[in-house]
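Worth knowing before you read on, the calculation uses all heavy atoms, side chains too, and leaves out hydrogens, waters and symmetry mates.
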Amino acid sequence: MSISTVLVIGATGSIGRLVTAEAISQGYRTRALARDPSRAARLDGGVEIVVGDLTRPESLHTVVDGVDAVIFAHGADGGEQSIERVSYGGVRDILGLLAGREVRIVLMSSVGVTARTGMYNSSHLADWKRRAERLVRASGQPYTILRPGWFDANGPDEQQLVMRQGDRHHVGSPSDGAVARQQIAQVLVAALASPTAVGRTFELVTEPGPATRELEPLFTALPADPDGGLDGVGDAANMPLEEEPQRVRDDLRRLDGDYSRR
């Protein structure tokens with residue numbers, strides 16, 4: 001699909017501002033969603049700033065008008081209720097507004113998202129991020145889901161990108177994998193133009209070696225997520241759909257009426 005206009009969710013955050021700059025540098029018309037316009041004023045010139053709040057769905061109706069792609073680079077602070085409203089609810093509401101037309105989706109999730117216990121699931125953050133991933137897969141939109149490792153915890157000699165799958169590293173420290181914020185932004189934007197990145201979920205980390213220049217061979221080597229599945233390829237089957245909150249199952253039903261067969 002041809003992409004000209006990209007909406008960046010979380011554009012004023014530590015990853016989102018880099019995504020915005022990268023998208024502009026790649027020639028995309030770039031739209032930044034901002035709750036606080038004064039923070040958005042610090043973004044690179046050339047960005048179109050739209051005001052909206054992920055916790056107020058009524059403020060989002062016009063922000064998706066005319067976009068061909070959405071990059072979710074947002075995060076959430078606070079307790080479980082706040083995390084549900086932003087990390088999950090924001091994805092749900094934007095996807096709902098896109099129903100009926102094809103829009104390229106790139107979602108930043110997190111390494112450790114399939115952990116059901118331990119540090120990664122503090123305040124159930126991992127569960128809500130995983131549920132957001134499931135919404136994206138159920139939406140029927142062409143998607144890529146990137147699970148970055150620990151931000152900027154890689155050394156100066158650790159710049160070679162690695163794309164893993166199955167989310168098997170749950171120690172809860174940078175030993176699970178690390179990657180620079182700038183590299184995350186580059187991969188999020190590069191995925192937009194890659195047909196082989198569609199339908200893929202992967203963890204992004206680095207290992208010793210020079211910076212990776214060509215990303216397409218990495219995307220091409222990734223197996224696709226199971227057709228019609230709710231989880232990524234190789235993910236642990238440890239979150240049964242029948243045990244999910246009713247409101248989550250209702251959200252899946254609204255996005256995909258056949259979700260119960262998954």
Side-chain angles (χ1 to χ4, degrees), residues 15 19 71-73 75 87-88 91 104-121 125-151 153-154 158-181 183-209 211-241 259 262:
I15 303 293
V19 170
I71 298 178
F72 290 96
S87 293
Y88 171 84
V91 174
R104 184 75 166 87
I105 302 296
V106 181
L107 173 71
M108 184 181 75
S109 183
S110 175
V111 67
V113 75
T114 63
R116 300 307 309 277
T117 60
M119 189 276 273
Y120 283 120
N121 215 14
L125 175 60
D127 282 350
W128 287 112
K129 285 192 173 186
R130 188 174 183 181
R131 289 168 182 142
E133 289 188 6
R134 286 178 163 185
L135 291 176
V136 170
R137 297 189 189 97
S139 71
Q141 298 287 8
Y143 72 85
T144 302
I145 297 173
L146 187 160
R147 299 165 171 172
W150 288 61
F151 298 167
N154 52 321
E158 298 171 324
Q159 301 295 317
Q160 186 168 319
L161 292 173
V162 176
M163 296 180 182
R164 306 185 310 216
Q165 292 179 298
D167 192 37
R168 294 290 187 261
H169 300 77
H170 298 165
V171 173
S173 75
S175 65
D176 290 327
V179 62
R181 285 177 168 86
Q183 291 173 300
I184 298 168
Q186 290 169 348
V187 176
L188 287 168
V189 176
L192 293 175
S194 172
T196 59
V198 174
R200 269 66 177 176
T201 300
F202 58 92
E203 295 89 57
L204 183 71
V205 299
T206 57
E207 62 182 20
T212 303
R213 302 300 180 191
E214 296 294 330
L215 294 175
E216 194 60 23
L218 299 183
F219 290 136
T220 302
L222 295 172
D225 291 340
D227 188 31
L230 286 177
D231 288 317
V233 62
D235 285 355
N238 59 353
M239 185 183 265
L241 187 58
Y259 86 98
R262 294 171 180 267

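- A donor-acceptor pair is defined here as one N or O able to donate and one able to accept, closer than 3.5 Å; no such pair exists between the side chain of Q165 and the backbone of L222.
- Closest non-hydrogen pair, V179 versus P148, comes out as CG1-CB, 4.1 Å.
- Using a 3.5 Å distance cut-off with no hydrogens or angles, the side chains of R131 and S87 do not pair a donor with an acceptor.
- Considering D235, D225, D231 in turn, D225 is the only one that fulfils the side chain to side chain donor-acceptor pair (under 3.5 Å) rule with T201.
- The shortest heavy-atom contact between A185 and V19 is CB-N, 3.7 Å.
- With contacts defined as side-chain heavy-atom distances shorter than 4.5 Å, the pair R147/S110 does not qualify.
- Not a single donor-acceptor pair under 3.5 Å links the side chain of T144 to the backbone N or O of R200.
- Of all the heavy atoms in E203 and D167, the pair that sits closest is OE1-N, 3.1 Å.
- R130 and N121 share no side-chain donor-acceptor pair at under 3.5 Å.
- Under the 3.5 Å distance criterion, the side-chain polar atoms of W150 are left unmatched by any main-chain donor or acceptor of D176.
- R134 places no side-chain N or O within donor-acceptor distance of the main-chain N or O of A132, the cut-off being under 3.5 Å.
- Side-chain atoms of N154 and Q183, non-hydrogen and from C-beta on, do get closer than 4.5 Å to each other.
- Between A236 and R168, the closest heavy-atom pair is N-NH1, 3.5 Å.
- With respect to E133 and R137, a salt bridge is recorded, a charged nitrogen being found less than 4.0 Å from a carboxylate O.
- For R181, the salt bridge (charged side-chain N to carboxylate O under 4.0 Å, His left out) partners two or more places apart in sequence, or in a different chain, are D152.
- Residues T212 and Q160 are in side-chain contact: their nearest non-hydrogen atoms beyond the backbone lie under 4.5 Å apart.
- L204 is listed as a side-chain neighbour of L161, based on a closest heavy-atom distance under 4.5 Å.
- Using a 4.5 Å heavy-atom cutoff, the side chains of M239 and L230 are not in contact.
- Once rounded to the nearest 0.5 Å, the distance linking NZ of K129 with OG1 of T114 reads 13.0 Å.
- Side-chain atoms of S194 never come within 3.5 Å of backbone atoms of A191 as a donor-acceptor pair (strictly under, hydrogens ignored).
- Between V187 and F219 there is a side-chain heavy-atom pair separated by less than 4.5 Å.
- Here the closest non-hydrogen pair linking A115 and A126 is O-CB, 3.8 Å.
- When side chains are defined from C-beta on, L146 counts as touching F202, because their heavy atoms get closer than 4.5 Å.
- With values rounded to the nearest 0.5 angstrom, I15 atom CD1 is found 4.0 Å from I184 atom CD1.
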